[in-house]
4 protein chains.
Amino acid sequence: MASPTNRRSSDKRERILSAAVKVFARNGYYNAKVSEVAREAGVADGTIYLYFKNKDDLLIKAFEDRMTWINDRLRSELAKVQGDALDKLHRFLELHILLAIDERELAEFITVELRQSSKFIKEYKNQKFGEFLGLLSEVIKQGQDEGLIRHNIDRHTVSRALFGACDEVLLSLVLRKEVPEGVLDARMAELTGLFIEGLRAHRQL
Amino acid sequence: MASPTNRRSSDKRERILSAAVKVFARNGYYNAKVSEVAREAGVADGTIYLYFKNKDDLLIKAFEDRMTWINDRLRSELAKVQGDALDKLHRFLELHILLAIDERELAEFITVELRQSSKFIKEYKNQKFGEFLGLLSEVIKQGQDEGLIRHNIDRHTVSRALFGACDEVLLSLVLRKEVPEGVLDARMAELTGLFIEGLRAHRQL
Amino acid sequence: MASPTNRRSSDKRERILSAAVKVFARNGYYNAKVSEVAREAGVADGTIYLYFKNKDDLLIKAFEDRMTWINDRLRSELAKVQGDALDKLHRFLELHILLAIDERELAEFITVELRQSSKFIKEYKNQKFGEFLGLLSEVIKQGQDEGLIRHNIDRHTVSRALFGACDEVLLSLVLRKEVPEGVLDARMAELTGLFIEGLRAHRQL
Amino acid sequence: MASPTNRRSSDKRERILSAAVKVFARNGYYNAKVSEVAREAGVADGTIYLYFKNKDDLLIKAFEDRMTWINDRLRSELAKVQGDALDKLHRFLELHILLAIDERELAEFITVELRQSSKFIKEYKNQKFGEFLGLLSEVIKQGQDEGLIRHNIDRHTVSRALFGACDEVLLSLVLRKEVPEGVLDARMAELTGLFIEGLRAHRQL
DNA sequence: GATGAATGAGTTTTCATTCAT
DNA sequence: CATGAATGAAAACTCATTCAT
């Protein structure tokens, strides 16, 4: 947490982050203006610089803050799952979809800015996204330990593949158009099935 | 003649497109300067505007030109495949990997700018990328017709998922770091296996 | 507040308008650089764009602002005239000359940019200049009503003719060279006489 | 006449001048592009620079060429007039109107660019326009010699006034809108009357 | 802390002019 | 002579960032 820590201040900080997510999601980082974020947050342009070093910093902090929230949520939800690793994997994908539906702007923000931020912003190693992939990877590992998931597959690669697949599909389904009731569930169920079948350790193998 | 179309000219146009791919891949569209593209192409800044309407147009034309090349290549290579749909799918993924290796900059350019261009550049419907997905979708369909791929799965969704997964994995493997000999092949083989297993129509199911 | 409107701000706006009149008068609109207007006004280049949409807008606003001032001045001075319409006409021409002498830059600015602005700046109907001609036209009408000015002459045409004649003469006399004491008065008196004689309703006609 | 003097060359030179008049009249000097003049003339951009030093030179040469033509025409037409100076003055104004009607583009070009060219193009003393005014001045002088025009008026000033008045009225009548049949003649007759009355030497004075 | 007017560096784009063919 | 593709200097405009209030 940055300098201001009293109630009112951290409220303002959060309003700015929230506005940043919204504005960056809408226009993309490079098309977004700091003054628009300020307007959306209901603060003066200069105020943003009391809480964040510059525009880049605002992007990174927004990204980290939201990813932390997502990771925490995933962790606690996965802990609640009563069942094996495949059940967890199922729940993981489900939570991912719910995020895209419930927090559309946030999902859009992450999807679009993930590559930009990690690639073009100097000296930024995207640790929070690494954590996210780590959670997924952990589930895969557990599945392998339980003998439910094949061993002849690298779990880090699978994690990335899973994320990439979901990201792309959600991008096209949820983030760009109105999706008819039921279609989303159907598609994501198929996708979940695809991966679970692909990963399953077959007895005869 | 309004726009230059003779031999020397189209050579220059190609040099500019090529430079654009390189510079956009290196810095991203918004960080790239037109003058840097010009320098890379060995032409004056103004020359770019003889061939392209503006910076946006340069991005779109570079994208379309390269996607056309990729689609043509995929189409002709897939036509040569002697075998069933799963063989074609295999080949498709293989070609995708080869592209990332042989034309690293192009792959990076497409990966990073794909979302930007279709999302933030007004009135641009990314038709060429749709074609790419269509090729993949066609292979899936053939597999379903041949009884090799499950029918209870939407082939357009699968196409996107496949693309997203490969894109993300390649991005992390090839595009960002040096990959030790053999690792890439291993990872992509696993990925191919994952999808082929996931898609396969099991007799007993 | 979107555009600055407090005391200090409107002071700055006025400084920019004033600088614009000076610089546009000196170099003409197309040869004038926004940065030169900024320097003359003692502000940064960007500041101009806080008060005006673009260079065209600056020209139009400068024009309108100054024409409003001139029209107000003419109106109030004409109201003070004790006498008939010919006295008013006399005073009108006198005020016109005084303007050219006292506010040389302003006169030069208006003279030179009048045609440009109304002809080449899209969608700009020069209402303020119309008002100016309207004031003159009103005096002619009054003269006709009083029987001092011939009726067989269109008062709008006469207004334009009067303006055109004065404009051209002043341009050559005042705006380009140093005029020896007395010559100006003599010339303008002749001009006034010319028009008053030309307009006078002769008993025998 | 410049370097090229054979038939084909001077034909091309004339085509360029003609195109320049048209394009400058349409868009104004500063908005006109050399390449548009070239297109209009049916020559290559570079060709213009074989006949004229630069864009400024093209403007000046077009101006001088056309003014020479106008002056010659006026001179020869005035020579034909059988009558006194007032008849000549009448004819002068008539010819001026005819020019605006028959050679609308030329009139527009001269009207709009006259001030620009003489004011902002370095080291250019508009000699041809001086000649034009001289012709008018000569008629006034003759009228004064014949006792038809008052002596207590400077003939150079009157010349300018006359030109300015006609220019402004024609600008509003002919050059900007469609004029109903007859209105133009009526207006110009009034204007002619205005000046002739204004200038007339009254016996009783 | 908060404000928002002011700043000015940085970028795209235009277009008169050149010169190799 | 003629061409027109190429040049690159110049200018308008934007917007992240600062700082006096």
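Throughout, protein chains are lettered first and strands after them, A, B, ... in sequence-line order, and every chain is numbered starting at 1.
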Separation of atom [atom1] in [X] from atom [atom2] in [N], rounded to whole Å:
X       : N      : atom1 : atom2 : result
D:Tyr29 : E:dA16 : OH    : P     : 8 Å
B:Tyr30 : F:dC15 : OH    : C1'   : 15 Å
D:Asn31 : E:dT14 : CG    : P     : 14 Å
D:Leu50 : E:dC19 : CG    : C1'   : 11 Å
B:Phe52 : E:dT12 : CZ    : P     : 16 Å
C:Asp11 : E:dA6  : CG    : C1'   : 14 Å
D:Ile16 : F:dC1  : CD1   : C1'   : 12 Å
C:Leu58 : F:dC13 : CG    : P     : 10 Å

Once the angle between the rings of B:Tyr30 and A:Tyr30 is folded into 0 to 90°, is it parallel (under 30°), tilted (30 to 60°) or perpendicular (over 60°)? parallel
Among residues at least two apart in sequence or on other chains, which ones pass ring pair (Phe, Tyr, Trp, His ring centres under 6.0 Å) with D:Tyr49? none
List in chain and number order the residues that pass side-chain hydrogen bond (donor to acceptor under 3.5 Å, both in side chains) with B:Glu103, two or more places apart in sequence or in another chain; answer none if no residue qualifies. none
Between [options], which nucleotide has the shortest distance from any of its atoms to the side chain of [X]?
X       : options                : answer
B:Lys33 : E:dT17, F:dA12, E:dT12 : E:dT12
B:Lys55 : F:dG4, E:dT17, E:dT12  : E:dT12
C:Thr47 : E:dT13, F:dG8, E:dA6   : E:dA6

Please tell me which of C:Asp45 and D:Tyr49 maps to the more 5' nucleotide of DNA chain E, matching each residue to the nucleotide holding its nearest heavy atom.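 Closest to the 5' end, via its nearest nucleotide, is C:Asp45.
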Of A:Gly46 and B:Ser35, whose closest DNA chain E nucleotide lies nearer the 5' terminus?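 Per heavy-atom nearest nucleotide, the more 5' residue is A:Gly46.
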Give the stems involving DNA chain F, where a stem is 3 or more consecutive Watson-Crick or G-U wobble pairs (i with j, i+1 with j-1, and so on) under 3.5 Å.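 Stems (3+ consecutive pairs) listed as E:2-21 with F:2-21.
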Got a sec, which residues hit side-chain contact (heavy atoms from CB on, under 4.5 Å) with D:Gln127, two or more places apart in sequence or on another chain?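 Per chain and number, D:Gln127 pairs via side-chain contact (heavy atoms from CB on, under 4.5 Å) with D:Glu131.
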By nearest-heavy-atom nucleotide on DNA chain F, the more 5' of B:Ala44 and C:Lys53 is B:Ala44
For D:Val43 and A:Ala32, take the nucleotide of DNA chain F holding the closest heavy atom to each; which residue's nucleotide lies nearer the 5' end? D:Val43
Listed partners of B:Lys22 passing salt bridge (Lys or Arg N to Asp or Glu O under 4.0 Å), at least two apart: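 Scan of B:Lys22 (salt bridge (Lys or Arg N to Asp or Glu O under 4.0 Å), adjacent residues dropped) gives B:Glu40.
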With a 4.0 Å limit, can you tell me whether A:Lys12 has a side-chain N or O closer than that to the phosphate oxygens OP1/OP2 of E:dA2? yes
Which pairs of donor and acceptor atoms, one on a side chain in residues 57-64 of chain B, lie under 3.5 Å apart (sequence neighbours left out)?
{"residue": "B:Asp57", "atom": "OD1", "partner": "B:Lys61", "partner atom": "NZ", "Å": "2.5"}
{"residue": "B:Asp57", "atom": "OD2", "partner": "B:Lys53", "partner atom": "N", "Å": "2.9"}
{"residue": "B:Asp57", "atom": "OD2", "partner": "B:Lys61", "partner atom": "NZ", "Å": "3.3"}
{"residue": "B:Glu64", "atom": "OE2", "partner": "B:Tyr124", "partner atom": "OH", "Å": "3.3"}

Under 6.0 Å from the six-membered ring centre of D:Tyr51 and within 45° of its axis: does the NZ or CZ of D:Lys12 meet both? no
